[in-house]
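Just so we're clear, the structure is a prediction, and the values are computed from it rather than from any experiment. Throughout, residue positions are numbered sequentially from 1 according to the sequence presented.
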Amino acid sequence: MKVVTAIDSFKGSMTSMEAGAAAAEGIRRVDANAEISIRPLADGGEGTVEALVAGMNGKTERVKVTGPLGEPVICEYGIIESTKTAVIEMAGAAGITQVPDEKRNPLYTTTYGVGEVIKDAIEKGCRRFIVGIGGSATNDGGVGMLQALGYAFLDKDGKQVLPGARGLKDITEITDAYVIPELAECKFRVACDVTNPLCGELGCSAIYGPQKGATPEMIKDMDQWLGAYAELAKGRFPKADPEYPGTGAAGGMGFAFLTFTDAVLESGINIVLDETKLEDYIKDADLVITGEGRMDGQTAMGKAPVGVAKLAKKHGKKVIAFAGAVQRDARACNDAGIDAFFPILRGVVTLEEAMKNENAKQNMADTVEQVIRLMK
């Protein structure tokens, strides 16, 4: 029997590769000769660096950069040497979890550290980038990131504007005269699963500003400043299009990437499936196993396990999913290509016990074993 496992991480419990290895253990208890390919899975958000580094013979880099509040943070990112690809999660350098509730204020939070991570990867030879832009604490239109890469956003006195969204109101000139030359050789695949434009009632300030600490007054101001910034950018960079779906992602990071770099915005799961060449493994498989920490109606809306299922159904393969918890509305996953799904909990336990790494791996192996016995 040929089996492919591609399971998303069980957040706080098992990594993607650990979940796959535990499933493989359960299969081998039933069929010692099974050919099992354990592949990494992520959706471009948290866990993407870890999954792709582990599953694609990459290495983890650690670099000290400017955090969202201007203080130093250590950001981990991945490098896949074979393709000179850097895998970066924006949240590692400008994430909302790095900002205490009482300090959340998008007027001051900056994306400068994200640019520093990209620069570090460029210096280490990377020219391809996979960047997940979820979980940001910022609304600076990506200006901080671009400043770190050498773009100058100048005020009326010819000085770089202040960090954070407050700096947007002072931009009178944008110049690429000092951009690091290697940036022209770089291509970015940006994992973006939202379609918000940069400005307006569906723009980044209105929709995501409140969770980043913005007041109604701030939202109004930031929206106007971003609009003016986009107009200025359009005069200098003709491809600037603040209406393009996704330009409002991560406080305008989508706009920054599309306007100032060679970038495409894509579904996170599609990037991961493509980069890991999962389809090549699925083609010859008898069974595909996927899953995630919690399966519910949202899973069916296009989360990682359903991305795997769609790929498997293209080749007529049976798909089974395993999850830490299953909600009633997870039935929608059956219509989305998952033939059957199973929770791995084996008894009534506390959440803490269920989340322990050793317990989760044991539960995964035991549950997969029983399901595979039925298929023999």
Side-chain angles (χ1 to χ4, degrees), residues 6 16-17 39-63 65 75-95 111-136 142 144-151 176 179-193 237 239 244 246-247 249-250 253-281 304 307 311:
S16 170
M17 296 302 280
R39 303 303 297 156
L41 185 64
D43 61 6
E46 183 189 347
T48 300
V49 168
E50 188 175 44
L52 294 186
V53 166
M56 297 177 70
N57 300 315
K59 62 180 181 180
T60 302
E61 298 286 340
R62 289 166 59 85
V63 59
V65 299
C75 180
E76 290 191 353
Y77 71 97
I79 292 181
I80 315 297
E81 277 289 354
S82 57
T83 55
K84 295 294 180 193
T85 300
V87 187
I88 298 168
E89 291 171 29
M90 176 185 175
T111 54
Y112 197 89
V114 182
E116 290 177 306
V117 179
I118 292 169
K119 192 175 175 186
D120 189 71
I122 288 173
E123 287 168 0
K124 287 171 178 162
C126 295
R127 296 295 182 267
R128 293 183 75 247
F129 290 80
I130 299 166
V131 186
I133 59 173
S136 78
M145 172 187 76
L146 297 167
Q147 286 174 320
L149 294 170
Y151 281 95
D176 58 2
V179 173
I180 56 173
E182 297 89 348
L183 189 63
E185 303 164 15
C186 298
K187 290 187 181 298
F188 295 85
R189 298 187 80 175
V190 180
C192 173
D193 290 290
F237 303 90
K239 65 177 180 173
Y244 190 86
T247 47
M253 282 292 265
F255 178 78
F257 272 112
L258 287 176
T259 303
F260 297 92
T261 72
D262 184 356
V264 288
L265 305 184
E266 300 178 72
S267 151
I269 181 60
N270 289 349
I271 293 174
V272 172
L273 295 179
D274 182 43
E275 291 285 337
T276 59
K277 304 284 185 277
L278 185 63
E279 189 166 5
D280 293 347
Y281 292 84
L311 211 51

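- Leu41 has its side chain within reach of Ile269: a pair of non-hydrogen atoms, C-beta onward, lies under 4.5 Å apart.
- Between Leu183 and Phe260, every side-chain heavy-atom pair lies at or beyond the 4.5 Å cut-off.
- Using a 4.5 Å heavy-atom threshold, the side chains of Val264 and Val190 count as separate.
- In this structure, CG in Asn270 is found 11.0 Å from CG in Asp43, a value given to the nearest 0.5 Å.
- Interatomic distance, Glu76 CD to Arg62 CZ, rounded to the nearest 0.5 Å: 5.0 Å.
- Put simply, the side chain of Gln147 reaches to within 4.5 Å of the side chain of Tyr112, judged on heavy atoms.
- What you find for Ala42 and Ala51 is that their closest heavy atoms are CB-CB, 4.1 Å.
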Starting from the C-alpha separation in whole Å, work towards a yes-or-no answer on salt bridge (charged side-chain N to carboxylate O under 4.0 Å, His left out) for Glu275 and Lys277. CA-CA 5 Å; Glu275 291 285 337; Lys277 304 284 185 277; 5.7 Å; no

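- Shown here for Met253 and Met145, the closest heavy-atom pair between the two residues is CE-SD, 3.4 Å.
- Of all heavy-atom pairs spanning Cys192 and Ala249, the tightest one is SG-CB, 3.6 Å.
- When all heavy atoms of Ala91 and Gly134 are compared, the pair lying nearest together is CB-O, 3.7 Å.
- Taken to the nearest 0.5 Å, the OG1 atom of Thr48 stands 9.0 Å off from the CD1 atom of Ile130.
- The nearest pair of heavy atoms linking Gly254 to Ile133 is N-CD1, 4.2 Å.
- In this structure, Asn57 and Ile80 have side chains that are not in contact, with every pair of non-hydrogen atoms separated by 4.5 Å or more.
- Side-chain contact between Lys119 and Leu149: present, with at least one pair of heavy atoms (C-beta onward) separated by less than 4.5 Å.
- When every heavy atom of Ile79 is checked against every heavy atom of Glu61, the shortest pair comes out as CD1-CG, 3.7 Å.
- Under a cut-off of 6.0 angstrom, the local environment of NZ in Lys124 is crowded, with over 12 non-hydrogen atoms contributed by other residues, nucleotides or ligands.
- For the atom pair OG1 of Thr276 and CG of Asp280, the computed distance is 9.5 Å after rounding to the nearest 0.5 Å.
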Begin with the C-alpha distance, continue with both residues' side-chain angles, and end with the deciding distance and a verdict on side chain to side chain contact (heavy atoms under 4.5 Å, CB included) for Phe257 and Val131. CA-CA 10 Å; Phe257 272 112; Val131 186; 4.1 Å; yes

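- To the nearest 0.5 Å, the span separating CD1 on Ile122 from NZ on Lys84 amounts to 13.5 Å.
- Thr85 contributes atom OG1, which lies 9.0 Å from atom CZ of Phe129 (distance to the nearest 0.5 angstrom).
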